[in-house]
Amino acid sequence: MYLQAKRLLKLALSPVLMLLSLFSAGAWAEAGERWQTNMAPGVTEVGHQIYDLHMWVFYICVVTGIVVFGVMFYSVFAYRKERHQEPATFHENTRVEIAWTIVPFLVLLFMAVPATKTLIEIYDTDDADLDILITGYQWKWKYEYINPHGDNISFFSNLSTDGAEIANTEAKGSNYLLEVDEPVVIPVNKKVRFLVTANDVLHAWWVPALAVKRDAIPGFINEAWTKATETGVYRGQCAELCGRNHGFMPIVVNVVEEPQYQAWLGEKQAAAAEIKELMAKDFSLEELVERGKSVYASSCSACHGANGEGGVGKAIAGSPIATGAMKEHTDRVVNGVPGTAMPAFGSQLNEVDLAAVITYQRNAFGNNMGDMLQPVDIYKFKKGQ
Amino acid sequence: MGAHHGPAKGLTRWLFTTNHKDIGTMYLWFSFAMFLLGGSFAMIIRAELFQPGLQIVQPEFFNQMTTMHGLVMVFGAIMPAFVGLANWMIPMMIGAPDMALPRMNNWSFWILPPTFLLLASTLFMDGGGPNFGWTFYAPLSTTYAPPSVTFFIFAVHAMGISSIMGSINIIATVVNMRAPGMTYMKMPMFVWTWLITAFLLVAVMPVLAGAVTMMLMDIHFGTSFFSAAGGGDPVLFQHVFWFFGHPEVYIIILPAFGVVSEVIPTFSRKPLFGYDSMVYATSSIAFLSFIVWAHHMYTVGMPIAGELFFMYATMLIAVPTAAKVFNWITTMFKGSITLETPMLFAIAKVFLFTVGGFSGLMLAIAPADFQYHDSYFVVAHFHYTMVAGAIFALSSAVYYWIPKWTGKMYNETMGKTHFWISFIGFNLTFFPQHFVGLAGMPRRIPDYNLMFADFNMMSSIGAFIYGASQLLFLFNIVRTITHGKPVSDPKVWEGGTTLEWTVPTPAPYHTFTTPPQLK
């Protein structure tokens, strides 16, 4: 019955639809177009259902609007005082009033049924082929691929748009603010379950083309799922206000064929093994500073400034911590400062990167301490706690 | 009548007044000042969003602007403006000499200026003002908030006290001071909607006070209501906030319904259609407002049963709301309509509020909301209801009653110009926001991808036009007071039927010192 009504409605609406499609020529077909005026159906079955539901309710609103506003504007034009001196005096009609209470109610039923169906499907997170734990941090995403048969793969994903583009000193690329250093990679046609949580404040993980939006809440693990039917790169953003750089923590999902996915996974595992090896290595000061510079850029500079000048966080340049005792400096970075915006990086960075970034902070921005930390020192520090 | 003693002279008249007209005037001027302040914050937001990239403000300040814009507009502009109208009009519409609790009336107004001074001063504090959105979700507003959050909490408490006192006063007035013969079902619709609104306020403002008190405890006294690390629950904050917040949006819109229910019959020269059903519809909307709050939280991960309950309950709101719209339109049908400025604003309010109602219905559909939630589609939706729904109704009310208040007629050409510029500016601002929202632009971001650039520029231009039109409004009001053409006809408008049109124009300082006789 619902489908029939829908078909009838579409027929009745065809002139309006033609007008609409003219107006937004082509823009509906693909996401990410300029002048895009409508939701894109995306690349999942659920996404198409949501899109259909969205259009169905929209059509009902358009029809209702045409009727209601039609009567309103007709009244305004036809019953103007110069044309209609003597107003009618009627002021109630119980039958009409009952009718216009019942009819909207019935129309609502035609929306509630398909909405319920789709909602039940969205909530069915069972039987996933792959689980990914997504953790929101101020202001980046951490992805952890749950591997029941071995070590998990995990990495952070940061905005990779150049600061010069944001400051308008360089031309903006087409993926401006929607590009990251490390995209999430998922296989096509597989049910992927996302376990969404947060480390500090609320965030929300939203990729329109995958029809997934879930709040990331500290202390809670929310579930969502997707099954992309087309390979491609899909982009999204954090949707819940999470502080200063809320607008600067995008999401990029790479949907690839299974073999490519396996190859990518293999690379990630190899990289993890390499980090394990590096743990035992003795680095030179130059090596640590070089590595630490890039860690600083992705993990510290948002708050402490690109040149350690401070911002939301305190200045690193000349700071009593970065130029003070090594142990206190290590403690500050590894454990953070509870109750403030300074997070505990001990769980966010590996030992190699922690050693590198602490060494970098002590030897950059005019802090010429000349001392350094090895990964194994960090390991011992953590053990000793 | 009532001329035996007039207002005191000088500043003390305003400081110590217990006269409902004086207090109403102060509320209206105060809210207009806040409207300009909140509007200037919006201008900063739209200026930054005029183009992609960061050019005018930094993200930290941008977040303060979005937060303060919301707080000042909701609590400083719209709510006090309707309280101002209630003060002026309710006694005159029910044939009462004044409000029931005149001294408390003075106090509930005079709390507001220092409160908003306190709130605005946070912008100059170390660490900046509130930057966590007007919905102040924990833990961004607790553990991660700037130090000024404590001042924000006290400001919210003070606003709440003012609102509760104001609404108790309205309830006491309407219940006790109606003229003999004015039964509840003979009260003007504006009085009815305000009575229901006042009950909503008394019910939910304490809940808001509870929410901010829990924040205060979390921040300063070591509790963990909203901190997961201490065993608390960040989602609890949202439940408590929206249990206040959803009735709050009806608190804003119901008196606006009341205004158009007065203006449309007057300029259609025909009684309001379906008065009884209007009363029942308003009551139903008020009742439903208590059981739909979690539709603001479809993506927090509620169990599906909760999700379905809130979806069905929310969809139901469309029924009484639609009935109201049908009633207004049927009132115009076969009337004898003239289009003075108040009527233009009232018709536009019905039209644009209904557009906001349609997008509201779309947002009620939980699965689709997974795409709409926290996007610009939501921003477009609630500005259609708040700006077109509430502010247009306020403009309508001011033009409608200003001749009664001042004894002077506003300039009709200027009024109509204000209307058309507002109408065009408003739609140019907010209609394209539906598009960028559907295309994937999240709300509360200071910068965006190039694909959103064109509509955002359009939106900013619209916002500047809408903002500028309010200066014309201000000019027209001041000009009316200083140079307006005197009106002396008690009726002012040919179609005016309620009691305020039976007292002299301008309304003397004291009206209905002896109650009127109702047929």
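What you see is a predicted model, and the numbers here were worked out from it, not measured in a lab. Here is the naming used below: chain letters follow the sequence lines, and residue numbers restart at 1 for every chain.
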Rounded distance [0.5 Å steps], [atom1] in [X] versus [atom2] in [Y]:
X        : Y        : atom1 : atom2 : answer
A:His246 : B:Leu140 : NE2   : CG    : 10.0 Å
A:Met249 : B:Ile445 : CE    : CD1   : 12.5 Å
A:Leu241 : B:Thr66  : CG    : OG1   : 6.5 Å
A:Glu165 : B:Leu450 : CD    : CG    : 8.5 Å
B:Ile264 : A:Met72  : CD1   : CE    : 8.0 Å
A:Lys172 : B:Tyr448 : NZ    : OH    : 9.5 Å

Can you say whether [X] sits under 4.5 Å from chain B via the side chain, the backbone, both, or neither, judging by heavy atoms?
X        : answer
A:Asn175 : backbone
A:Asp215 : both
A:Val76  : both
A:Ile122 : side chain
A:Ala239 : both
A:Gln138 : side chain
A:Ile217 : side chain
A:Tyr123 : side chain

Tell me, side chain or backbone of [X] under 4.5 Å from chain A's heavy atoms, or both, or neither?
X        : value
B:Pro432 : neither
B:Met311 : side chain
B:Ala364 : neither
B:Ile219 : neither
B:Glu494 : side chain
B:Phe61  : neither
B:Tyr298 : backbone
B:Thr142 : neither
B:Asp369 : backbone
B:Met278 : neither
B:Gln238 : side chain
B:Leu54  : both

Keeping [X] on the side-chain end and [Y] on the backbone end, is there a donor-acceptor pair under 3.5 Å?
X        : Y        : result
B:Asp454 : A:Arg34  : no
B:Asn63  : A:Gly243 : yes
A:Ser75  : B:Met332 : no
A:Lys213 : B:Phe370 : yes

Checking B:Lys270 against A:Phe90: charged group under 6.0 Å from the ring centre and within 45 degrees of the axis?
yes
Working note: B:Leu316 + A:Phe105, criterion side chain to side chain contact (heavy atoms under 4.5 Å, CB included); need CA distance, chi angles, decisive distance, verdict.
CA-CA 7 Å; B:Leu316 268 186; A:Phe105 183 80; 3.6 Å; yes
Would you call [X] and [Y] a side-chain contact if the rule is heavy atoms closer than 4.5 Å?
X        : Y        : value
B:Thr331 : A:His91  : no
B:Asp233 : A:Phe220 : yes
B:Phe358 : A:Val62  : no
A:Arg80  : B:Thr338 : no
A:Met39  : B:Tyr372 : yes
B:Gln55  : A:Asn168 : yes
A:Thr37  : B:Phe455 : yes

For [X] and [Y], work out which heavy atoms get closest and say how close.
X        : Y        : value
A:Asp200 : B:Tyr144 : CB-OH, 3.1 Å
A:Gly219 : B:Ala228 : CA-CB, 3.6 Å
B:Phe273 : A:Glu97  : CE2-OE2, 3.7 Å
A:Ser174 : B:Asn449 : O-ND2, 3.1 Å
A:His84  : B:Ser336 : O-OG, 2.7 Å
A:Leu202 : B:Pro234 : CD2-CB, 4.3 Å

Is the closest side-chain donor-acceptor distance between A:Glu240 and B:Tyr137 under 3.5 Å?
no
Determine whether A:Thr64 and B:Thr354 satisfy the following criterion, side chain to side chain contact (heavy atoms under 4.5 Å, CB included), listing intermediate values before the conclusion.
CA-CA 10 Å; A:Thr64 316; B:Thr354 307; over 6 Å; no
Just give me the residue among B:Leu308, B:Asp276, B:Asn131 that pairs up with chain A most often, heavy atom to heavy atom, under 4.5 Å.
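Of B:Leu308, B:Asp276, B:Asn131, B:Leu308 has the most heavy-atom pairs under 4.5 Å with chain A.
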Parallel, tilted or perpendicular: ring planes of B:Phe326 versus A:Trp100, cut at 30 and 60 degrees
tilted
Decide side chain to side chain contact (heavy atoms under 4.5 Å, CB included) for B:Met362 and A:Phe58; before the verdict, give the C-alpha distance in whole Å, the side-chain angles of both, and the deciding distance to 0.1 Å.
CA-CA 7 Å; B:Met362 295 169 81; A:Phe58 172 70; 3.9 Å; yes
Test side chain to side chain donor-acceptor pair (under 3.5 Å) on A:Tyr51 and B:Gln371 and set out the steps.
CA-CA 9 Å; A:Tyr51 174 80; B:Gln371 294 284 38; over 6 Å; no
For the residue pair A:Phe73 and B:Phe351, is the inter-centroid distance of their aromatic rings smaller than 6.0 Å?
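Yes, they do, as the ring centres are separated by less than 6.0 Å.
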Let me know which of A:Thr116, A:Val46, A:Leu53, A:Ile120 forms a side chain to side chain contact (heavy atoms under 4.5 Å, CB included) with B:Pro367.
A:Leu53
Take A:Trp206 and B:Ser375 through the side chain to side chain contact (heavy atoms under 4.5 Å, CB included) test and state the conclusion after the steps.
CA-CA 10 Å; A:Trp206 180 27; B:Ser375 78; 3.8 Å; yes
